[in-house]
Amino acid sequence: MLECGAVGMVSSTDLLRIEDLGISFAIIGGPIRAVRHASLRVLPGKVTALVGESGSGKSVISQAVMGILPHTAHITGRILFSDPETPGETVDILKMPRDGPQIRALRGSRIGKIFQEPMTSLSPLHTIGNQIGEAMQIHTDASAAERKARTEEMLGLVGFANPARSYDMYPFELSGGMRQRAMIAMALICRPALLIADEPTTALDVTIQAQILKLLRDLQAKFNMAILLITHDLGVVANIADEVVVIYHGEIMEAGPVEAIFRRPAHPYLKGLMAAVPHFDLKPGERLAAIREVPVNVESLLSKRKVSSSRDREILLSAKNLEKTFTTRKSDWLGKEHKTTVRAVDGVSFDIRRGECLGLVGESGCGKTTVSKILMRAVTADGGSVVLNSATGPIDVLAAEGAALRELRTRIQMVFQDPVSSLSPRMTVQDILSEPLEIHGRGDARSRLAKVKALMQAIGLDQRFIHRYPHSFSGGQRQRIGIARALALGPDLLICDEPVSALDVSVQAQILNLLKDLQKELGLTYLFISHNLAVVDYMADRIAVMCRGRIVELAPREILLRKPVHPYTRSLVAAVPFPDLDRPMDFKTLKLTGAADMRAWGPQFRDDGEADALAPLDLGGGHLVLARRTADITELRPC
Amino acid sequence: MLRYIVWRIAVMIPTLLIISALIFTIIELPPGDYFDSYIAELRAQGESVDSERIQMLRKEYGFDKPPVLRYFHWVGGMLHGDFGYSFEYELPVRDVVGDRLWLTILVSFVTIVFTWLIAFPIGMYSATHQYSWGDYGLTLLGLIGLAIPNFMLALILMYFANIWFGTSIGHLMDQKYLGQPMDWDKAKSILEHLWIPVVIIGTGGTASMIRRLRANLLDELHKQYVITARAKGLGPFRTLVKYPLRMSLNFFISDIGSILPAIISGAEITAIVLSLETTGPMLIKALQSQDMYLAGSFLMFLAFLTVIGVLISDLALALLDPRIRLQGGSTK
């Protein structure tokens, strides 16, 4: 399947060559064959992307290369590694004894690895300097002073502004992006010939992702090393890979140079995967082609709710000047206290109209989740007001108590990010779906059962599963149960907090289509929170962009993503990688300091420390931009 | 941090005051006092009671005064090291406890070291070889140790110690050294006897510590940072010691708070069965005979050790875990 020219010649130059690899796990009830007859190659100094969904076996392959598979794994085939430092010598990694000195001499020294979760892949109890230098301590006889000097040099290379100070920092003192940089420094300190990057940017924000990709590319060129990049994001692949290998259910579907793969995808799975990713070029009304579509059947639910088109423009929820401040206190050994105040939400105002979907985007830590929690009354706001115009009259959301609060709970419901931890593992689907009805005393046991069945039908879940527990469902099915639970009380407003970011691409399309269909059929109103601009673009009618607790730009989706005005929005949009070879990311313009750094913005967008200097200016057509009150609107207007 | 320590010590004062009031009240609760039970005991043995002498003693120790006054007298005395008078032994409390306290600390300390030395290697082995025959075997052994009551083990070991090694039964030293001043022969005799109570008291503790260490290590062993360390090429044993073991030590350090009081009062039943010269049996006897100052001071001492132990473990945790040291005090 590999497009090798002269087989004999090429094979001698392959850095890594996997031949007929099979990996199975022995579990009760028969072995699971995670990888079947997989063959692939990694050329020296090139980036090879291994693309597939979760559970496709791509991570298992990378673990096999490092020899860090669990004991239960049974491996067949060959993994040949030809180190360019010892030309002509090829070793079979699978023949080496498990955790023996031979394989340990390769790990961390000739083959480095970075992982998906920068939060958990570093030990919280050791300084990053200690953890990075350790790799050198294992593989070289360098003295402590040399190690420290080299570690600080590496920290500088991966973008730490003050390496000497960062050396003694603990991982929890760093942001996710900085931790991933520390991880890269650790993997590269011994200058390996091959770097395995297992979903290195999946857990990061788009702008940070762009920075890490740029860093990887720069370092790859500098050290002339090969990268085996494991990812499910075709946008990342198009921007960084030289060769692509597509894996599905443990079998290699397609392999070749990135040009061939993207311009002429041959295998239906790859075509399907490409159609399932939301991107900015979707025409209004165009639908994602989910690999496994779920039929929506809401007829049994419809009887309760009729949507009248005349009320379409009415404002359902109006938030004005929301404020929330968090205070963290820190004290050192001598008792000096440092108080830091974070304005998580700073004068946020927006309206949500009945029947629309308002998107809320921003990087992690910008306050978007805090806003949703304020609306849910899970966090008490310091100031501001929220009014919900429900069918029974307006409710003051922030002041509601007693019966009014109970009524409010039925009007606003939430769909959570993590479908695993947001469902109780000790409740069946029936328990989960009927609990809201029981709490609010809706109907008797029989009518509740009927309602539960109707809900299951609405989300396309087989009614025979009614007595199953959440663990027997896949991530996508669990998220559908979460959506059904939120719909049980027939709310006016559904807050979706990153509902698809924990899901695979193909499942993501399925959930997004389900939410869209439900909205159309039931006339629901959504507040859709996400860090993924393409997903928000697909779902939302209007989009609000949050940065440092403030809404910096709010506009209809066609305008916001195509003609953004605010510099923050612009850098967010620029950082999204397209799964399209003709639209490569502009790595040169990336700001190393991050998109939220105000100093890089134009003077008309900065408050320069003055209070109350900025106000949302109306550019017409519902396009609001946070800028100086004195700024000229015609100058700001997009051309 | 300094401010935190000062604050914690300041909070200890009202805590100890409340505990002392509670102890005093509980000891006062049963009807009568030491002299009533003393008279009853004498009468039961058919001896005559010198009621005048009793009245004199009552007056001397303030038993004619209201309880509140006696409480303040007791607390005030403790502040300058006067723990009151033991009626049973007719000696100041300090002299009664003194010698036994050192022996108790010796037994407990050796027991704790014994527990750690056995539990750590076994716990680490069990966790890294989960579900192997070794793990099952050691788990079974641990469960047996946990399930056998200490007093029974004490009786069995006493029997075999006598038969095999000819060590005399009971006590922490040979009978002839009892009440003698400390010298080399006495110290040797103590060491000769020490291993029996250490093994007996240690068995249960070792077994439960193995279980906890195994569970804690198993939680950590599959964490991502362990895989990171392996991917660096670190050897299996060094990985284990540097990362997961260090992480799972927190439970162990928070244990110090409960270990300190246990040093003084633990393993009473074993001590009674083996008639050890430790403080455990003394406390039980003092409570039975309403020897109130001995019992009260004893309980106060335990409370003090608990409070100090918790402080020490909190500070040790902060010292060992940067997350606790540097992240504390954040509010929602």
Side-chain angles (χ1 to χ4, degrees), chain A residues 63 66-68 70-71 98-101 103-127 130-132 134-139 169-173 183 186-187 189-190 196 326-337 339-340 379, chain B residues 1-10 127-132 135 218-250 252-253 315-332:
Chain A
Q63 287 170 3
M66 294 290 274
I68 50 176
H71 281 286
R98 189 188 156 83
D99 281 336
I103 181 87
R104 291 213 315 267
L106 284 182
R107 284 184 202 156
S109 166
R110 304 309 304 148
I111 306 177
K113 185 163 186 193
I114 54 178
F115 298 92
Q116 173 175 2
E117 273 290 333
M119 301 290 169
T120 53
S121 36
L122 292 165
S123 157
L125 299 183
H126 301 83
T127 61
N130 175 321
Q131 296 185 57
I132 295 170
E134 189 183 32
M136 229 184 136
Q137 190 184 356
I138 299 166
H139 298 289
M169 282 173 100
Y170 290 96
F172 62 83
E173 295 176 278
M183 202 61 213
M186 185 194 296
I189 192 163
C190 292
I196 301 176
F326 291 118
T327 313
T328 29
R329 269 177 306 166
K330 245 188 178 184
S331 65
D332 52 29
W333 283 95
L334 291 173
K336 246 190 251 162
E337 259 195 15
K339 255 192 195 174
T340 32
V379 162
Chain B
M1 206 55 181
L2 200 65
R3 183 186 295 184
Y4 173 74
I5 298 171
V6 172
W7 181 78
R8 280 291 298 268
I9 292 175
T128 46
H129 298 78
Q130 193 189 6
Y131 304 144
S132 67
D135 179 29
L218 280 178
D219 279 348
E220 296 297 328
L221 275 177
H222 300 290
K223 293 257 172 86
Q224 182 70 50
Y225 63 86
V226 182
I227 299 173
T228 308
R230 289 181 62 203
K232 266 190 275 192
L234 200 61
F237 183 72
R238 291 211 43 206
T239 308
L240 176 70
V241 174
K242 182 171 177 182
Y243 295 104
L245 186 66
R246 169 87 193 271
M247 285 290 278
S248 57
L249 277 189
N250 276 9
F252 181 73
I253 293 161
L315 292 180
L317 273 182
L319 206 64
L320 275 172
D321 193 334
R323 290 169 300 178
I324 297 170
R325 179 165 75 239
L326 300 169
Q327 268 186 327
S330 62
T331 53
K332 271 260 156 140

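Naming: A, B, ... by sequence-line order, numbering from 1 per chain. Bear in mind that the values here come from a model prediction, so they are computed numbers and not experimental data.
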Among the options [options], pick out the one with the most heavy-atom pairs lying under 4.5 Å from chain B.
{"options": "A:Q63, A:M186, A:K113", "value": "A:M186"}
{"options": "A:A135, A:G112, A:S123", "value": "A:S123"}
{"options": "A:I189, A:L125, A:I138, A:I114", "value": "A:L125"}

More than 12 heavy atoms of other groups within 6.0 Å of B:R8 CZ: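 Above 12, so yes.
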Rounded to the nearest 0.5 Å, what's the gap from [atom1] on [X] to [atom2] on [Y]? Could you check?
{"X": "B:T228", "Y": "A:F115", "atom1": "OG1", "atom2": "CZ", "value": "4.5 Å"}
{"X": "B:K242", "Y": "A:N130", "atom1": "NZ", "atom2": "CG", "value": "3.5 Å"}
{"X": "B:Y243", "Y": "A:H126", "atom1": "OH", "atom2": "NE2", "value": "5.5 Å"}

A:L122 versus chain B, the contacting section by heavy-atom distance below 4.5 Å: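 For A:L122, backbone heavy atoms alone lie under 4.5 Å from chain B.
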Part of A:R110 lying under 4.5 Å from any heavy atom of chain B: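 Neither part; nothing is under 4.5 Å.
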Polar side-chain atom of B:K232 near backbone of A:Q131 as donor-acceptor pair, under 3.5 Å: yes
Any donor-acceptor pair under 3.5 Å from B:R323 side chain to A:F172 backbone: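 Not at all, since once roles are kept as given, no pair shorter than 3.5 Å links the two residues.
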Quick one: closest heavy-atom pair of [X] and [Y], and the distance?
{"X": "B:P322", "Y": "A:P124", "value": "CG-O, 3.5 Å"}
{"X": "B:R230", "Y": "A:R107", "value": "O-CD, 2.9 Å"}
{"X": "A:R104", "Y": "B:L234", "value": "CD-O, 3.6 Å"}

